[in-house]
Protein chains: 2
Amino acid sequence: MRPTVHDIAAAAGVSLATVDRVLNQRAGVRTVTREKVEQAIERIGYVRDVAAANLAKSRVYPFVFILPSGDNSFMRGLEEQVRAAIGRSAVERTDITVVTVPAFNVEALVAALDEARAGSPAGVAVVAIDSPDVIAAVDRLRAGRIPVVTLVSDLAGSKRDHFAGVDNIAAGRTAASLMGRFLGGRSGPVAVLAGSMLVRDHRERLDGFRTVMAEHFSGHALLPVIEGQDDPALVEKLVGKALAASPEIAGIYSLGAGNRGLIAALKRRVNAAPVCVIAHELTQHTRAALNDGLIDVVLNQDAGHEVRSAIRVLKAKADGVAVIGAQERIRLDIFLKDNLPFEQDSNQAPAEGRQD
Amino acid sequence: MRPTVHDIAAAAGVSLATVDRVLNQRAGVRTVTREKVEQAIERIGYVRDVAAANLAKSRVYPFVFILPSGDNSFMRGLEEQVRAAIGRSAVERTDITVVTVPAFNVEALVAALDEARAGSPAGVAVVAIDSPDVIAAVDRLRAGRIPVVTLVSDLAGSKRDHFAGVDNIAAGRTAASLMGRFLGGRSGPVAVLAGSMLVRDHRERLDGFRTVMAEHFSGHALLPVIEGQDDPALVEKLVGKALAASPEIAGIYSLGAGNRGLIAALKRRVNAAPVCVIAHELTQHTRAALNDGLIDVVLNQDAGHEVRSAIRVLKAKADGVAVIGAQERIRLDIFLKDNLPFEQDSNQAPAEGRQD
DNA sequence: AATTTTCTGATTTACGTACATCAAATTTTC
DNA sequence: GAAAATTTGATGTACGTAAATCAGAAAATT
């Protein structure tokens with residue numbers, strides 16, 4: 001049988017109350033006694049039963065998720081996943097609040113972070129914008145001992161506890177590697193379409209892409225980056241213009257959102273040479289375009305995994321316990337037409353069994 | 001506050017004992033009373049607190065994992081992941097037994113399955129071999145109400161509860177798609193290297209690969225399949241012979257294990273035209289070969305995810321509850337040199353915090 | 001040595017559920 | 001309508017931990 005607090009007490013020759021004081025770092029234990037207890041814990045290999053502890057504490061974890069608002073399929077999918085997690089809150093002992101703020105708006109994000117702090121939650125997950133003000137706001141949370149996880153886009157230089165997202169430099173490198181190889185012998189420049197250089201994930205993808213293109217596929221010139229603000233209408237206009245200006249374009253790397261606009265622009269092209277298109281995030285639009293052959297590769301991060309991982313990490317940080325490192329690494333999915341997963345509701349439940 | 005059994009009793013106007021009888025499907029409750037209680041449960045939205053229930057029951061889940069033995073990096077990595085899970089058993093309330101049986105040996109596997117059944121565990125996970133005898137043995141387990149999850153290689157036609165592994169047809173299709181595009185204009189036949197056509201995953205990968213090659217890249221002839229039994233020495237011999245016999249080979253798809261042999265054979269080749277190599281499973285050998293440019297793509301399934309998923313599903317099946325479908329879908333990782341994850345111990349723990 | 005302060009022990013209640021026992025009420029059967 | 005069978009209620013204990021109270025012991029201070 002697994003040792004309990006009673007076994008610690010017996011092994012250390014102290015009372016249950018003293019064991020409890022040591023375990024829960026309460027005051028009123030002499031250092032010698034504390035060490036005696038800690039040695040006993042070590043010796044008998046005691047591991048706290050988290051389930052029982054949570055039960056006794058009636059623990060719930062109030063978390064705040066801060067996401068960009070707006071018409072962005074990926075972000076709306078992310079929000080849907082957070083809401084799915086809210087649906088599981090009874091089982092997972094969470095109490096999650098979702099806050100949306102206008103995209104690429106530093107002041108709004110800082111205000112949301114500060115407001116979250118005022119509610120003193122057990123943790124905050126945030127899709128970060130790279131800015132000194134945001135870093136300061138995150139560090140204020142951390143100064144108040146509130147764990148912070150960045151979601152999707154990281155915030156280097158801040159004291160955030162963890163980043164739940166993909167390695168975006170690797171994503172950019174991968175895009176370049178696939179682009180170069182898919183183009184094979186073909187010549188022609190490559191266009192890059194981004195949302196905004198304000199967010200770190202976009203910048204990192206661009207860096208990775210540029211590095212590998214320059215290193216291995218320098219035959220393809222890179223056209224100036226198109227900044228579409230993740231806005232489909234704007235993207236469509238800008239891409240259309242770029243395609244008209246450089247009809248010899250061989251490839252397009254779309255590293256942000258607003259892919260609906262890209263797809264619309266591609267559809268309007270007729271009798272033109274094939275273009276290798278690599279885009280990010282699997283949405284209904286990119287999925288359809290992949291199936292139609294308009295897009296060649298979709299690089300994806302699984303929003304559901306990111307949300308679940310963020311929650312696990314926030315819980316662990318709130319409790320001061322370790323996490324399974326490998327489980328929390330968010331992987332970059334590479335989707336071709338051939339390995340598209342079946343479409344399904346993100347929060348469907350199997351027919352059999354009842355959630356209890 | 002979340003409703004408890006007491007709330008059900010109050011809402012239904014019955015005693016706690018009756019609620020307990022209904023919840024745990026004990027005898028001695030009239031149908032009308034049972035329905036009254038069930039309606040109350042529905043009405044107040046009661047969800048059983050699994051942690052408290054497990055605590056009260058002192059529940060542990062005895063599971064058996066049956067894996068192939070032998071010198072196969074992927075399978076050994078899988079076993080390591082199972083042992084890592086054993087290390088978490090105190091926290092996860094599991095009691096896992098690992099059984100290894102000779103690879104591709106139907107009788108040994110059937111014997112292991114029957115022996116597992118004799119111990120009446122709460123669930124069995126097995127790397128299956130496709131054979132009527134194995135199907136029968138799995139169905140015997142299911143007949144004894146023991147949940148079964150197939151791991152890595154599925155067992156179609158059996159009554160297994162779940163498959164924790166990748167879609168291998170999609171994997172084969174993806175390999176073909178990448179192979180065809182990477183070869184670009186180059187001509188030459190493509191060789192396929194398999195372990196054994198006895199296991200379903202290898203057969204499915206081959207099917208998917210052949211289909212897409214025939215459909216889109218028929219310019220490349222497929223050489224007869226080389227069956228290397230996942231044995232590095234044998235593989236090296238056979239691949240060396242094949243390369244000598246057909247020096248114009250443009251690509252190699254290695255869909256099984258024994259990649260050490262493949263890599264050795266490739267290294268011995270000098271002054272020959274480049275070959276596009278796509279292999280399965282990220283091991284220290286394939287990782288190094290990818291970095292050296294000997295292998296172009298590694299398709300991978302994350303053994304850690306598979307093991308953790310198998311455990312989650314077995315628990316859920318044992319308890320008769322639902323699982324998060326999307327979370328249990330094992331994804332196919334596509335690794336290029338550019339998106340290789342950092343090497344790390346599979347069961348390392350962060351420095352800060354203590355597991356309690 | 002007496003007093004104050006700090007530390008430790010003993011005990012109890014609680015968390016939400018499982019499970020067992022026995023008495024009481026209700027229904028069924030003859 | 002009485003006896004038998006079934007159903008329901010009341011109650012207590014247990015799981016492993018948290019948290020509180022209060023008495024008593026041990027140290028530190030005077």
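Sequence lines set the chain letters: A, B, ... in the order given, protein chains first and strands last, and positions in each chain run from 1. Atom set for the values below is all heavy atoms of this structure, side chains included, hydrogens, waters and symmetry mates excluded.
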Selection from [options] that lies nearest to any side-chain heavy atom of [X]:
X: A:A17; options: C:dC15, C:dT11, D:dA19; answer: C:dT11
X: A:R26; options: D:dG16, D:dA19, C:dT17; answer: D:dA19
X: A:V5; options: D:dT17, D:dA27, C:dT17; answer: D:dT17
X: B:V14; options: C:dT17, C:dC7, D:dG9; answer: D:dG9
X: B:A56; options: C:dC15, D:dT17, C:dA18; answer: C:dA18
X: B:R30; options: D:dG16, D:dA27, D:dT7; answer: D:dT7
X: A:N24; options: D:dA18, D:dT8, C:dG16; answer: D:dA18
X: A:L23; options: C:dG9, C:dT17, D:dA18; answer: D:dA18

Between [atom2] of [N] and [atom1] of [X], the distance in whole Å:
X: A:H6; N: D:dA14; atom1: NE2; atom2: P; answer: 11 Å
X: A:I8; N: D:dT17; atom1: CD1; atom2: C1'; answer: 10 Å
X: B:L55; N: D:dA18; atom1: CG; atom2: P; answer: 12 Å
X: A:R93; N: C:dC15; atom1: CZ; atom2: C1'; answer: 8 Å
X: B:N54; N: C:dC15; atom1: CG; atom2: C1'; answer: 15 Å
X: A:D49; N: C:dC15; atom1: CG; atom2: C1'; answer: 13 Å
X: B:K36; N: C:dT26; atom1: NZ; atom2: P; answer: 12 Å
X: A:D20; N: D:dA20; atom1: CG; atom2: P; answer: 10 Å

Establish, with yes or no, whether the OP1 or OP2 oxygen of [N] is under 4.0 angstrom from a side-chain nitrogen or oxygen of [X].
X: A:S15; N: C:dA10; answer: no
X: A:R48; N: D:dG16; answer: no
X: B:T4; N: C:dG16; answer: no

Most 5' of B:A53 and A:A27 on DNA chain C, judged by nearest nucleotide: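 Residue closer to the 5' terminus by nearest nucleotide: A:A27.
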For A:P68, run the side-chain contact (heavy atoms from CB on, under 4.5 Å) check against A:M75, A:R76, A:E79 and tell me which one passes. A:M75
Would the number of heavy atoms belonging to other residues, nucleotides or ligands and lying under 6.0 Å from CD of B:E38 be above 12?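 Yes, because the 6.0 Å sphere around CD of B:E38 holds more than 12 heavy atoms from other groups.
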With a cut-off of 6.0 Å (strictly less than), are more than 12 heavy atoms of other residues, nucleotides or ligands near NZ of B:K159? no
Of B:K57 and B:R34, whose closest DNA chain D nucleotide lies nearer the 5' terminus?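 Taking each residue's closest nucleotide, the earlier one in sequence belongs to B:R34.
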Name the residue closer to the 5' end of DNA chain D, choosing between B:L16 and B:V29 according to the nucleotide with the nearest heavy atom. B:V29
Closest heavy-atom pair and its distance - A:I86, A:S89: O-OG, 2.7 Å
Atom pair CD1 (B:I96) and CZ (B:R88), whose distance is rounded to the nearest 0.5 Å: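 Going from the CD1 atom of B:I96 to the CZ atom of B:R88 covers 8.0 Å.
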Mate of C:dC30 across any strand shown (Watson-Crick or G-U wobble, both atom pairs under 3.5 Å) is D:dG1
Tell me whether the guanidinium CZ or amine NZ of B:R59 lies under 6.0 angstrom from the six-membered ring centre of B:Y61 and within 45° of its axis. yes
What's B:R21 touching, base or sugar-phosphate or nothing? Going by heavy atoms closer than 4.0 Å.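 Base contact.
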